[in-house]
Amino acid sequence: MAFLKILEYTRQIISSYLTTNDLTDVSFTVEPSKPGFGDITCNIAFLLAKKLHKNPQDISQEIVEFCSKELGSDIKNITAHPAGHINFELDFINFSKSVLEESQSPHYCDIDIGKSKKIIVEHTSVNPNKALHIGHVRNIVIGDIITRILKKVNYDVHTLNYVDDSGLQVADLIIGFKHCGFSEDPPDNEKFDHYCGDTVYVGTTEKYIDDKDLESKRHEILKAIEDINTETSIFAQKITRKVLDAQLKTVWNLGVTYDCLNFESQIIHSKLWDNIFSKLKSQNLVRLEKSGKNEGCWVISSKDEDDKILVRSNGVATYIAKDIPYAAWKLGIINDPFSYKIFTTQENNQTLYETTLDQRDSDTNKLSFSGDKVITVIDNRQIRLQKIITDLMRRFTGSDSYIHLGYESVTLSSNTSSILGFETSDKSVQMSGRKGFYVDADLILGNLHDKIYNESKNRNSSLSDSELNSIAKSVSVGTIRYEMIKPDLDKIITFDLETSLKIEGDTCSYIQYSYARAMRILEKSNNLITSVNFSNFTSQFEINLIKKIAMYDIQVSDAAKNLSPKVIARYCYELAVAFSSFYEHVMVLNAESDELIKSRLLLVHSFSLTLRNALSLLGIDSPSRM
RNA sequence: GGGCUCGUGGCUCAGCAUGGAUAGAGCGAUUGGUUGCGGACCAAUAGGUCAAGGGUUCGAAUCCCUUCGGGCCCGCCA
C-alpha cells in the first residue's frame, strides 16, 4: 500500500470521528509528517479549534482517544502533539511489505486520474527558419514531460507540434535565398537549420538596414507564401520542410516525439478562420468598431485589457486570428477540415502524422487530434494573447478546457554572453534569433556529450566505444532535461555554458549514478529474491528509503494535478539521496546474514525500479553503468 | 502610464496551492571519511531580521494591502 492509500485510510478514520460528532463540513489535510513527528500528520484540531472555540490540544486529545479504537493493521500508534497536530505512526513491518511488493510492478503508482479522457498537449511550435536554442529546449522538455506524466495517470494524450510555416520569419528566408544571393546548399554540410538561422536569416535581417526596397518585398512575399500553389509558396514549403526535418533531429535526439504536425499554412488555406469568425459574430463575441481609433476593425474586448483587433479595417485578419481557429480545432469545436497522412515513424516506433488538405493523401481512416482538454505550452511573454484565447474557449465550451501552460524564458549569463561575443553589464541577457545571439541546442548537447564520454572513459577502462557513447547520450540528454525542469516554471533560467557542464551535487548524473550503483549490487548478487522477512529493516537509512519509495504516488498525483514537472524532478533527487545515504551506511552483499542480504537486495531492487520509473516520466534514461 | 511576474544564507534554488511543530537542499568555504557493494559519493561545521513596512490570525516565508528592487508584456507586425 503506497502512501496515497494510507493517507486516504487515515482520512477516513478522522472523518468517522467528524460524522459521529456531526461535524461534516470541515476540510482538513492529511499528509506525510516532517521528520521527527511520526509518519502522517493531520491538522484537524486547529480547524475545529477555530470552529468550536476550544483549545486545539484538548480537541486533538479527544480525537486521539476516539481514533485509537479504529486503528487497523497499518497504523500502529496515534498521538496528540502538544502543539495540536495529530500524528500517526505506521506499522512499519506491514508497511514495508506492501510497499516493496507493490513496487516490483511496472505499473507501480499508475493512478487513474484521467479516466482515459482525451487530452491534447501542444508544445515546441518553433518557427521553421532556424535551429533550436536552449530556450526552445525548455518548452520542448516541459511539454514532453507533461505528456508523460498525464499518460502515467491514465489520460489519453496526443501531442502536437504547430509549425508556423507562413510567417514573416519564413519570408525573410525566401528573401535571403531569392534576393540576397544565399545558396540553397549550406557549406561543409552544415545542418540546414543552423545554416538558415545563422547565415541566411541573420544575414538577411542585416541587409534590411541598408536596403529599404528589400523591406517592402517582405510583405509581398508574405502574401505570396499564404497563397496556395504560387511558385513562392511552393518554394517556401520546400525550405521550411527542410528546416523542420533538421529541427526534428534535435528534438528526437532529446527523446521527444509527437503524434501530429500541424502546418499553419494549411490552417490558413482550410478557411477555418472564416468558420470561427462567423461563429464569433453570431455569438456576439466580437464587434465592428464604428468610430474611434479602431474604426472599421473587428475587435474583441476583455476586462482589464485594451480591445484587441482581430480583423483590420482592410479586412485582413491579424496574428491572433490564426491562433483562435487552431485552438478551436484542438478542442473539436469546429468541423475538422483535415486529413492525416504519415509523416514518418519515429525512433520509438511512434507514427508521426501531418495534416493535409488533400483527402487523397490520407493514409488512414479519419483520425482525430482534438480533445476534451487542451494544454498549450507557450512561454509567458504570450500570456496576454493566451488569456484572450482561454477566455474565448471558455465561452465556447462552458468549461476550463483550454489551458495555457506558461513558463519563464531562458536568458544567458553575462559570462556566456561575452563568450558569444556580446559584452554586457547586465547580469543576464535575452537571446535573439534575429541577431544570431543564442545558445544552440545541438552545440550544448554536443559539449555535454563529449565531457561525459571522457568522464565515463576515465572511470571505466573496460567499456567499449559504443557503450561509452550510449552512456554519454543518456547522461547528457538527461542533464539538459533535468536542468530545464528542475526550477519552477515561473522562474527565469539564467543559462551559463560553464555551469551547465557541472555533474556533481543536485544534477541528473548524481541521480543516474545512484541507479548505476544499485544495479551493480544487483548484478553481483546471485541470490534470487524469494521470501523476505520484513522485520529486518531497522536502520534509519532503510526506513527512509522505503518511505521515499512509498511516496512516489503522492508525487505523481501532485505533478499531474498541478501540471508541475519539477515535482517529479525533486522526487528523483530525494530518492537518489535516500539511496546514496543507505548505500554508504548499510552493507548489502556483505551483510551479516543471508536473510539480511535477501531483504536488502529486495529493497535495492525496489529502489532501482522506482527510480527508473520516475526518471522515465522525465524522459531520462537509467544506464546501469556510467 | 497600464497589466503580469519574481525577490528565501556569498551564489543557484525547494518550501507558498491547502497558514501550524525545528525554514530545507545544491554550489562555494572549512573539516573528516575507502583492511567495505563504484569517491559523479558520504558525514560534519560555519552561513538566514524568508526584500521592507503594515494588516488578518491564537499562529504568517505561506493569505491581503502598500512601498522598493529585478524581469516580461502592452502595434490595423508576426
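In what follows, every chain begins at residue 1, and chains take the letters A, B, ... in the order their sequences are listed.
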Using a 4.0 Å heavy-atom cut-off to protein, can you give one letter per nucleotide of nucleotides 2-9 of chain B, 5' to 3': B if the base is in contact, S if only the sugar-phosphate is, - if neither? B---SS--
Looking only at side-chain N and O atoms, does A/S409 come under 4.0 Å of OP1 or OP2 in B/C72? no
May I have the distance from A/N544 (atom CG) to B/C42 (atom C1'), rounded to whole angstrom? 15 Å
Between B/U62 and B/G24, how far apart are the C1' atoms? Round to whole Å, please. 15 Å
Span that lies between the C1' atom of B/G71 and that of B/C65, in whole angstrom: 23 Å
Using a 4.0 Å heavy-atom cut-off across all strands, classify A/E483 as base, sugar-phosphate, or nothing. nothing
Between the base of B/C76 and the side chain of A/S313, is one N or O donor paired with an acceptor at under 3.5 angstrom? yes
Do A/N43 and A/T29 get their side chains close enough for a donor-acceptor pair, meaning under 3.5 Å? yes
The residue among A/T79, A/T41, A/D39 that forms side-chain hydrogen bond (donor to acceptor under 3.5 Å, both in side chains) with A/N87 is A/T41
Nearest-angstrom distance, P atom, B/A43 to B/A25: 10 Å
Ignoring hydrogens and geometry beyond distance, is a side-chain donor-acceptor pair present between A/Y162 and A/T376 at under 3.5 Å? no
Should the side chain of A/N43 and the base of B/A21 be counted as holding a donor-acceptor pair, with the cut-off at 3.5 Å? no
Between B/C50 and B/G9, how far apart are the P atoms? Round to whole Å, please. 9 Å
Give A/Q430 one of three labels, base, sugar-phosphate or nothing, depending on what nucleic acid heavy atoms sit under 4.0 Å from its own. sugar-phosphate
Is it true that the NZ or CZ of A/R138 lies under 6.0 Å from the centre of A/F495's six-membered ring and within 45 degrees of the ring axis? no
Ion pair A/E289/A/R287, N-O distance below 4.0 Å: yes
Considering only NZ, NE, NH1 and NH2 on the basic side and carboxylate oxygens on the acidic side, decide whether A/R218 and A/E215 come within less than 4.0 Å. yes
Distance between P atoms of B/U8 and B/G70 (Å, rounded): 14 Å
B/U67 versus B/G2 - spacing of their P atoms, nearest Å: 10 Å
Provide the distance between the two P atoms, one in B/U12 and one in B/C58, to the nearest whole Å. 38 Å
Report, as yes or no, whether the 6.0 Å neighbourhood of atom NZ on A/K212 holds more than 12 heavy atoms from other residues, nucleotides or ligands. yes
A/K502 side chain N/O closer than 4.0 Å to the phosphate oxygens (OP1, OP2) of B/G28? no
Measure centre to centre between the rings of A/H85 and A/F37, then say whether the value is under 6.0 Å. no
Can you confirm whether the side chains of A/T124 and A/N161 place a donor and an acceptor under 3.5 Å from each other? no
Do the ring centers of A/F579 and A/Y515 come within less than 6.0 Å of each other? no
Between A/R625 and A/E467, does any NZ, NE, NH1 or NH2 come within less than 4.0 Å of an OD or OE carboxylate oxygen? no
Measure the distance between the ring centre of A/H81 and the centre of the six-membered base ring of B/A21, then answer whether it is under 5.5 Å with planes under 30°. no
Could you verify whether a donor N or O on one side chain and an acceptor N or O on the other, from A/D165 and A/S265, lie under 3.5 Å apart? yes
Should stems be defined as at least three consecutive Watson-Crick or G-U pairs with both distances under 3.5 angstrom, which of them involve RNA chain B? B:1-7 with B:68-74, B:10-13 with B:24-27, B:29-33 with B:41-45, B:51-55 with B:63-67
Would you kindly check whether a donor in the side chain of A/T41 faces an acceptor in the base of B/A21, or vice versa, at under 3.5 angstrom? yes
Parallel, tilted or perpendicular: rings of A/Y552 and A/Y571 (30°, 60°): parallel
Please measure how far the P atom in B/A17 lies from the corresponding atom in B/G54, and state the result in whole Å. 23 Å
Regarding A/L168, tell me which of base, sugar-phosphate or nothing describes its non-hydrogen contacts under 4.0 Å with the strands shown. sugar-phosphate
Mark up nucleotides 31-39 of chain B, 5' to 3', with B wherever a protein heavy atom is under 4.0 angstrom from a base atom, S wherever such an atom reaches only the sugar-phosphate, and - elsewhere. --B--BBBS
Short side-chain N/O contact from A/R11 to OP1 or OP2 of B/U18, under 4.0 Å: no
